[in-house]
Every structure is written in C-alpha cells, then in structure tokens.
Amino acid sequence: MPGDPVRVMMGDMADENTIEQVRHTMGLDKPVIDQYEDWLVNMVHGDFGTSYTQNKSVSVLMGNAFKVTVQLAGYAYLFALVLGVVVGVAAAVRHGTWVDRTLMALSIFGISAPAFWVAIILQIVFALNLHWFPLSGVKAPIYFFLPTIALGMRYAASIARVTRTSMMEVLNQDFMRTAEAKGLKTWAIVIRHALRNALIPIITIAGTQLGDIFTGSILIESIFAMPGMGKLMLDAINARDLPLLEGGVMYIAAICVAVYLVVDILYAVVDPRIRLGGEAAE
C-alpha cells in the first residue's frame, strides 16, 4: 500500500528523528519479509496486532465492528432472499403476462442501480424529506431499515432473475404436467414440486451473494455512518493502518471460504443425487 503510516499518524509537524524513532518502535524499519513473518506467526496465534491509529487490539476492534455488520448483512440477506424468491416465482408462474414483464423490468433496474446511489436517494426521500426513518447510526433496529434496502436491493433483483429462469425450466418438465393431471392444487405444485427442484441455481446465487453482502457493505456503512467492518476497513485504508487492514483482509477471506463450503454442503442436502465427492447417487 502506498504511503507511510507513520507520517500519516504524526502529521506534517513531526521532525525526521521522531518519525524514525516511531518507525523503529513499530518495527516498520525491518525488512518486509521479516515484518510479514512476525505478522504471520502472531496471526496463527490469534493476535492480529495493534491498530496504528486507535492503539487498540485489532481483534477487539474487529469484534465490535463485526456485530454491526452481522446485523446489517443478516437483515439485507433475508430481505434479498425473501423478496427475490417471491418475485422470481411470481414471474415464472405468470410467464409472458404483464406481471412477468413488470417484475423483470424492476429487477433490471435493481441490478443496474448502484447501491450507494440507492442509499443516497433513500436518505433524501425517507429520512430528510419525509422524516420516516433516521438518517444514520445504529441506536435501534429501525436504523437498519434504509441500509437494509439499499444493500439488499441489487441482490434481491439477481435472485429474482435466477429464480424465474430456474422455475421456468422446471415448470416445463413432464413430471409437472403429471402433478397437474393428478389434480394437485396450484400452490402445492409450485412450492412442493417446482421450487424444490429449482433450488440448486438459487442456492448457488444466494450463497455467493451472502459472502458479497458480508464483504461488500463498505459504502453502505460509510454512507449511513454505521461502525461496521466495512467502515472500519475504509478508515484503515485512508489512515494506512496496516494491522487493521490485514485483519480485515483475513476477515473477507474467512467469510468467503465459509460461505462457499456451506453452499457445497447444501447442494448434497437439497439434491440427493449430488455427492460431495462428485459421484451421482446410485
């Protein structure tokens, strides 16, 4: 990362001797390979170091910020998953009608609209003009309402389009016509038969987007002044706070690995024909 974290911390008024002394105290005068070795050994033992700018343990700072990010990501993910599946199923069942065309047009808008733009529009309309929701902060659950919509809208639109495509493929299968011929109710055919057999693509997109929501909330948390992992990492980048930034990168890596592992396991749970070893069920 370009820039000298010591100069950022000390400011323009510090003399060179003071800067060199602080750099030596922080171990930044060592060769890069030695700095990396020290960090790696400490990281294995659960010690991510001390923040340059806040002079607190990186683990403590990340723990406090992670609580906010989990709340925001959880709300946004539930919003995206429920809305996306409902819209996708409705569009597939009403394929070719004005309902389908309207819902898919809205989904294109949802995918195309940048999250930060949606966040700013929501703040202007619902917080500043109508005063229905608070502008920023995390004092109560209602403070998460606007950030949840801003963060989850794009993912809801993606899930809706994938759900619609997957559902339409299943609805055209022979066993669906057999279910209709047996006189089953429409909701039973759609939910118990069609949606269940269309879950694999939905799980794929929903699983990967869970990781994206956890790691992609930087702008939303900054716009709504939410002290989560995204804002913490953005502040670390601006301040050249290397230990805090390194801890944030490890957080992103851990989230991605965990999410993809859960998605792979869910494949086998949802579809018994799939085995973790790649062998089809006999």
Side-chain angles (χ1 to χ4, degrees), residues 1-3 5 8-9 11 48-80 109-158 208-256 259:
M1 174 186 293
V8 173
M9 291 171 52
F48 289 94
T50 302
S51 169
Y52 292 163
T53 56
Q54 303 188 45
N55 197 29
K56 295 180 180 179
S57 170
V58 170
S59 299
V60 173
L61 293 173
M62 289 176 57
N64 294 333
F66 186 67
K67 297 176 183 178
V68 177
T69 298
V70 165
Q71 283 185 276
L72 175 59
Y75 293 147
Y77 186 69
L78 288 176
F79 167 76
F109 172 78
I111 293 174
S112 304
F116 71 88
W117 178 82
V118 175
I120 294 173
I121 295 299
L122 291 175
Q123 284 184 322
I124 294 174
V125 175
F126 295 103
L128 295 178
N129 292 338
L130 298 177
H131 303 287
W132 288 358
F133 301 99
L135 182 65
S136 61
V138 291
K139 297 179 181 179
I142 195 173
Y143 283 76
F144 288 87
F145 188 85
L146 295 182
T148 294
I149 296 176
L151 181 59
M153 180 179 294
R154 179 175 179 270
Y155 301 107
S158 298
T208 55
Q209 287 185 348
L210 176 59
D212 293 343
I213 288 176
F214 264 104
T215 60
S217 60
I218 293 178
L219 288 177
I220 299 301
E221 291 180 356
S222 298
I223 292 173
F224 288 95
M226 307 180 76
M229 285 296 301
K231 188 176 185 301
L232 188 69
M233 288 192 62
L234 187 61
D235 292 343
I237 293 172
N238 293 330
R240 306 297 191 273
D241 196 333
L242 299 182
L244 193 54
L245 184 59
E246 289 164 348
V249 171
M250 292 302 299
Y251 153 81
I252 293 176
I255 290 294
C256 291
V259 166

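The chain is numbered in sequence order, starting from 1. Heavy-atom basis, side chains included; hydrogens, waters and symmetry copies ignored.
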Problem set entry | Reported CD1-to-CD1 distance for the pair Ile220 and Ile149, which is rounded to 0.5 angstrom | 11.5 Å
Problem set entry | Considering all heavy atoms, the nearest Ala80-Gly152 contact | CB-O, 3.5 Å
Problem set entry | Minimal non-hydrogen separation, Ala76 against Leu151, with atom names | CB-CD2, 3.8 Å
Seminar exercise, completed: So OH of Tyr143 and CE of Met226: to nearest 0.5 Å the spacing works out to 11.0 Å
Exercise. Taking only residues at least two apart or on different chains, which pairs with a member in residues 62-77 satisfy side-chain hydrogen bond (donor to acceptor under 3.5 Å, both in side chains)?
Worked result: Thr69-Glu221
For this session: Could you tell me the separation between the CZ atom of Phe133 and the CG atom of Leu128, rounded to the nearest 0.5 Å?
Result: 13.5 Å
Problem set entry | Closest non-hydrogen atom pair between Tyr155 and Gln209, with its separation | O-OE1, 3.2 Å
For this session: Can you tell me which residue pairs pass the side-chain hydrogen bond (donor to acceptor under 3.5 Å, both in side chains) test with a partner in residues 114-131, sequence neighbours excluded?
Result: none
Seminar exercise, completed: Hits for side chain to side chain contact (heavy atoms under 4.5 Å, CB included) against Ser136, two or more places apart or cross-chain, chain-then-number order -> Ala225
Exercise. How far apart are the closest heavy atoms of Met229 and Gly248, and which atoms are they?
Worked result: CE-CA, 4.3 Å
Problem set entry | ring pair (Phe, Tyr, Trp, His ring centres under 6.0 Å) against Phe126, all qualifying residues, sequence neighbours excluded | Trp132
Exercise. Can you name the closest pair of heavy atoms from Val118 and Ala113 and give their distance?
Worked result: CG2-CB, 3.7 Å
For this session: Enter the distance from Leu130:CG to Leu122:CG here, rounded to the nearest 0.5 Å.
Result: 11.0 Å
Problem set entry | Pairs meeting criterion ring-ring contact (aromatic ring centres under 6.0 Å, His included) with involvement of residues 216-244, two or more places apart | none
Exercise. What distance separates Asp235 CG from Ser51 OG, expressed to the nearest 0.5 Å?
Worked result: 10.0 Å
Exercise. Got a second to check how far Ile120's CD1 is from Leu146's CG, nearest 0.5 Å?
Worked result: 13.0 Å
Exercise. Among pairs that include at least one residue of residues 145-154, which meet salt bridge (charged side-chain N to carboxylate O under 4.0 Å, His left out), considering only residues two or more places apart or in two chains?
Worked result: none
Problem set entry | For Val249 against Met233, the heavy-atom pair lying closest together | N-CE, 4.2 Å
For this session: Give every residue pair that meets the ring-ring contact (aromatic ring centres under 6.0 Å, His included) criterion with at least one member in residues 233-256, sequence neighbours excluded.
Result: Phe66-Tyr251
